[in-house]
Amino acid sequence: MNFKNLSILILCLITFNVVKGQERFLTDSNDTKALSQKVTELFKENKISLAMKELKLYWPLPVNELDVLEEKTVKYLNMVEQRFGKAEGTIKINEQKIKDIAIRETYFVLYQNTAIRLIYIYYKNKNGWVIGGFKWDDSFIEEFK
């Protein structure tokens, strides 16, 4: 089976009226950058449980939904490593802002023979910054702009 044909698109968007798993808030954009860098590094090290633990602190999704995301991510990243070699590094490739209410950061985890893209969306509510969405995939053609 061709890896590219395997849809590993994992996209979780938030409906902000459901707040169950998250109880913390990031205070500023420096905190969002630090969290993205930390989680990306944990992905590179294939420490998905630790990465998800970090995300859960600031992500207002029910815990059971985040657990399913973690389970699928572990499965697919093990497949990526088997097929495309070990992760060798990370690189931040993009950052976009919408005024002072939303930030999108995009990173690559570089493997021996491919890369995966991690996209973090942060939203600022009255209490601070929360994760508004997180996605990882192997479709980085969009980044050629």
Side-chain angles (χ1 to χ4, degrees), residues 1-22 24-26 29-125 128-145:
M1 179 186 319
N2 185 328
F3 178 75
K4 296 293 180 180
N5 291 335
L6 177 63
S7 175
I8 63 166
L9 177 64
I10 299 175
L11 175 62
C12 294
L13 297 175
I14 300 302
T15 54
F16 284 100
N17 58 354
V18 179
V19 178
K20 295 191 178 177
Q22 165 265 341
R24 294 186 184 177
F25 300 91
L26 299 157
S29 61
N30 290 329
D31 287 348
T32 64
K33 291 174 189 171
L35 180 61
S36 297
Q37 290 168 351
K38 184 175 187 177
V39 171
T40 300
E41 188 64 28
L42 290 168
F43 260 68
K44 182 190 86 144
E45 297 169 3
N46 203 6
K47 296 180 179 177
I48 305 308
S49 292
L50 291 175
M52 295 306 294
K53 185 177 178 180
E54 291 293 326
L55 291 172
K56 286 177 186 178
L57 296 174
Y58 307 99
W59 202 350
L61 271 182
V63 174
N64 62 330
E65 289 182 36
L66 295 171
D67 290 343
V68 170
L69 175 63
E70 178 181 342
E71 181 181 313
K72 289 180 180 181
T73 299
V74 167
K75 176 183 172 183
Y76 288 122
L77 281 185
N78 286 336
M79 195 179 329
V80 168
E81 194 171 279
Q82 289 172 1
R83 293 180 181 189
F84 298 105
K86 297 265 185 207
E88 297 179 330
T90 65
I91 186 171
K92 182 175 183 175
I93 60 164
N94 198 2
E95 180 177 325
Q96 299 170 305
K97 293 182 180 182
I98 301 173
K99 302 259 182 194
D100 191 32
I101 63 163
I103 299 170
R104 175 185 164 158
E105 294 184 76
T106 306
Y107 288 78
F108 281 169
V109 176
L110 308 170
Y111 289 82
Q112 291 169 330
N113 297 303
T114 196
I116 62 169
R117 177 178 65 164
L118 286 74
I119 299 173
Y120 304 86
I121 307 286
Y122 296 96
Y123 176 79
K124 186 177 182 184
N125 65 26
W129 292 91
V130 295
I131 297 174
F134 171 74
K135 165 186 171 177
W136 74 268
D137 60 31
D138 67 332
S139 301
F140 51 85
I141 194 166
E142 297 170 12
E143 303 305 326
F144 290 100
K145 293 180 183 176

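Index from 1, following the sequence.
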Assess whether side chain to side chain contact (heavy atoms under 4.5 Å, CB included) is satisfied between I48 and L77, documenting all intermediate values. CA-CA 9 Å; I48 305 308; L77 281 185; 3.2 Å; yes
Side chain to side chain contact (heavy atoms under 4.5 Å, CB included), that's the test. Do L55 and M52 meet it? Break it down for me. CA-CA 5 Å; L55 291 172; M52 295 306 294; 3.9 Å; yes
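- A salt bridge (charged side-chain N to carboxylate O under 4.0 Å, His left out) with E70 holds for exactly one of K75, K56, K53; it is K56.
- How far CD1 of I116 is from OG1 of T73: 9.0 Å, rounded to the nearest 0.5 Å.
- Ion pairing of K44 with E41 is present here, as a side-chain N (NZ or NE/NH1/NH2) and a carboxylate O approach within less than 4.0 Å.
- At least one donor-acceptor pair under 3.5 Å links the side chain of Y122 to the backbone N or O of T32.
- To the nearest 0.5 Å, atoms OG (S49) and CD (E71) are separated by 10.5 Å.
- In this structure, R24 CZ and D31 CG are separated by 11.5 Å, a value rounded to the nearest 0.5 Å.
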Does L35 form a side chain to side chain contact (heavy atoms under 4.5 Å, CB included) with I131? I'd like the steps, not just the answer. CA-CA 10 Å; L35 180 61; I131 297 174; 3.9 Å; yes
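- Partners of D100 by side-chain contact (heavy atoms from CB on, under 4.5 Å), not counting sequence neighbours, listed by chain and number: K124, W129.
- Once rounded to the nearest 0.5 Å, the distance linking CZ of F84 with CG of L110 reads 14.0 Å.
- Residues N78 and N46 have side chains in contact (heavy-atom distance under 4.5 Å, counting atoms from C-beta outward).
- Residue pairs that meet the salt bridge (Lys or Arg N to Asp or Glu O under 4.0 Å) test with at least one member in residues 105-114, sequence neighbours left out, are K92-E105.
- Atom CG of L61 sits about 11.0 Å away from atom CG of D67, to the nearest 0.5 Å.
- Not less than 6.0 angstrom separates the ring centroid of F134 from the ring centroid of Y123.
- The side-chain heavy atoms of K33 and S36, taken from C-beta on, include no pair separated by under 4.5 Å.
- Looking only at side-chain heavy atoms (C-beta outward), I98 and I101 come within less than 4.5 Å of each other.
- Looking only at distances, a side-chain donor or acceptor of Y120 sits under 3.5 Å from a matching main-chain atom of T40.
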Check against side chain to side chain contact (heavy atoms under 4.5 Å, CB included), F43 and T90: CA-CA 9 Å; F43 260 68; T90 65; over 6 Å; no
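- Counting heavy-atom neighbours within 6.0 Å of E45 CD, excluding the residue itself, gives a total above 12.
- In this structure the side chain of I103 never reaches within 4.5 angstrom of the side chain of I121, judged on heavy atoms.
- A salt bridge links K135 with D137: at least one charged nitrogen is closer than 4.0 Å to a carboxylate oxygen.
- A heavy-atom distance below 4.5 Å is found between the side chains of V109 and Y111.
- Atoms NZ and NZ, on K38 and K47 in that order, are 11.0 Å from each other to the nearest 0.5 Å.
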